[in-house]
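Remarks on the structure that follows.
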There are 2 protein chains.
Amino acid sequence: MISAMDESKITERGRRTRQRIVEATGEQILASGIGGTTLDQVRAATLTSKSQLFHYFPGGKAELVREVAQWEGRQLFEAQEPYIRDLRSWESWEQWRAALINYYISRGRWACPIGSLATQAAMSDPELEQIIADGLRTWRETLADGVRRMRDAGLIAPAADPLKVATVILAAIQGGLVLSQPERSAWPLEAALDSALGPLHGASLTNAVVNSMP
Amino acid sequence: MISAMDESKITERGRRTRQRIVEATGEQILASGIGGTTLDQVRAATLTSKSQLFHYFPGGKAELVREVAQWEGRQLFEAQEPYIRDLRSWESWEQWRAALINYYISRGRWACPIGSLATQAAMSDPELEQIIADGLRTWRETLADGVRRMRDAGLIAPAADPLKVATVILAAIQGGLVLSQPERSAWPLEAALDSALGPLHGASLTNAVVNSMP
DNA sequence: TGTTCGTTGGACTTCATGGTCCAGTTGTAG
DNA sequence: CTACAACTGGACCATGAAGTCCAACGAACA
């Protein structure tokens, strides 16, 4: 990744200021979207000035937004650590699920830093689109690894396609968030995620509850 | 619903112009989002003038966007007719699924007029948010009716909660579209939707393929 | 035929917002 | 302590987009 900001000569103070800008912008974007976020708002929220914004992000708003996307993406992944790295049993999936839901709840808003940006700005900024796509892809791969471990351990059907299962889970998260937004509740997200996680639930418990035939 | 445009005195010619504006705006929003759509673009695309835009939509851009949301919503529902009204067997769900996927494919872009607007503009315009929420709700209710019919006919488990199943299906659609966007392919959407539709698939076929235990 | 009202054209105004500039301050290394 | 570079403040500029205004056109109807 090529960052327009060379981090060689940078003071600690500068680093803090820069980080403050990124986080405040993220907050604002989360609340009002990219288009609804102005540099003046960021400036006011961070008690900085225009010159600082352009000092740290010479590429202007576009670069700042990209930086925010990467930062938020990292936060999202860290929130899933360490569970997402060690998905190999139903219990580990449950722990991961709890950590993820908790992350979304803690932000106060029902929006995914990756998913909602994907919808908002995909067509406006190809570079941002790339960042989003990369984040989505590694997320899916990490989940697929977990599914693969489950399969190799014989905990789920050998015929299950890990990539497909991972995609279904991701889709459930993104779609669940879309529905949680107007609902102002986590339940659509939880329902969708649990449903997608069904195939990973060992034994025929899931089938019996959700899918049995009279 | 209160429309700022009183339709009492309006010529056929005016109606056509107005409709032309709505459709062109929808096209533009689909391509560039709400923020990326300017009235000048709409004016150019429809060969109209500013005065016409404000003549037919006194509320300005906000009203126009709301009108577009409603129009697109209607289109979306019509695309699912008549199947969505008569969900009562696995075959009918399959027909509905085909019609829906076909609708999204035919638009050329992987975006839902309801879902993507929900993400984009929910917080900027409360009225638009209401329109989106309503559309989402009636959609969910209609699907839930179908699930209810399935349950009452004994085709799925009596314990299944129709509203929850409908929500999971909707989430799969929305999330599938989010993932289909960067992928530039319908497969994530189809995978997610099929997975969510699993519980409606009679017999233990689904269980055997996706979820069996060694 | 003329009057009325829906319709249309396009110039004009206002203003928010991204972006620029430069002078002044603070920190740090020799 | 001095010099240089990083950092900060805020006035200023350019632009594009929403919204206004008014004059002119055209179709229905007396």
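First the proteins, then the strands, lettered A, B, ... as listed; each starts at 1.
A sub-4.0 Å separation between OP1 or OP2 of D/dT8 and a side-chain N or O of A/Gln52 is present. Within the 4.0 Å cut-off from OP1 or OP2 of D/dA6, not a single side-chain nitrogen or oxygen of A/Tyr56 is found.
Within 6.0 Å of CD in B/Glu27 there are 12 or fewer heavy atoms belonging to other residues, nucleotides or ligands.
The side chain of B/Arg13 approaches C/dT7 more closely than any other nucleotide in the set C/dT17, C/dG10, C/dT7. Comparing D/dA6, C/dG9, C/dT7 by their closest approach to the side chain of B/Ile10 singles out C/dT7. The side chain of B/Thr11 approaches C/dG6 more closely than any other nucleotide in the set C/dG18, D/dA18, C/dG6. With C/dT7, D/dG19, D/dT8 as the choices, the nucleotide that has an atom nearest any side-chain atom of B/Phe54 turns out to be D/dG19. The side chain of B/Ser49 has C/dG10 as its nearest neighbour among C/dG18, D/dA18, C/dG10. Residue B/His55 has its side chain nearest to C/dG6 when only C/dC22, C/dG6, D/dG19 are considered.
With hydrogens and angles left out, the side-chain atoms of A/Gln95 and A/Ser92 include no donor and acceptor closer than 3.5 Å. Checked by atom type, the side-chain pair A/Glu141/A/Thr138 shows no donor-acceptor distance below 3.5 Å.
Among the protein residues, B/Thr46 comes within range of no part of the nucleic acid, since none of its heavy atoms lies under 4.0 Å from any strand. Backbone-only contact: B/Thr38 has heavy atoms under 4.0 Å from sugar-phosphate atoms and none from a base.
Of the charged side-chain nitrogens involved, none lies within less than 4.0 Å of a carboxylate oxygen, so that B/Asp152 and B/Arg149 do not count as a salt-bridged pair.
Following rounding to the nearest Å, A/Gln41 (CD) and C/dG19 (P) show an atom-to-atom distance of 15 Å. For the pair B/Lys61 NZ and C/dT14 P, the computed distance is 22 Å after rounding to whole Å. Residue A/Asp125 contributes atom CG, which lies 15 Å from atom P of C/dG18 at whole-angstrom precision. The CD atom of A/Glu12 sits 16 Å away from the P atom of D/dA6 (whole-angstrom rounding). Protein atom CG of A/Leu53 is 14 Å distant from nucleotide atom P of C/dT17, rounded to whole Å.
Closest-nucleotide positions on DNA chain C for A/Ser51 and A/Leu39 were compared, and the one nearer the 5' end corresponds to A/Leu39.
Within 3.5 Å, no donor on the side chain of B/Lys50 pairs with an acceptor on the base of C/dG10, nor the reverse.
Between B/Trp93 and B/Trp96, the ring centre distance stays below 6.0 Å.
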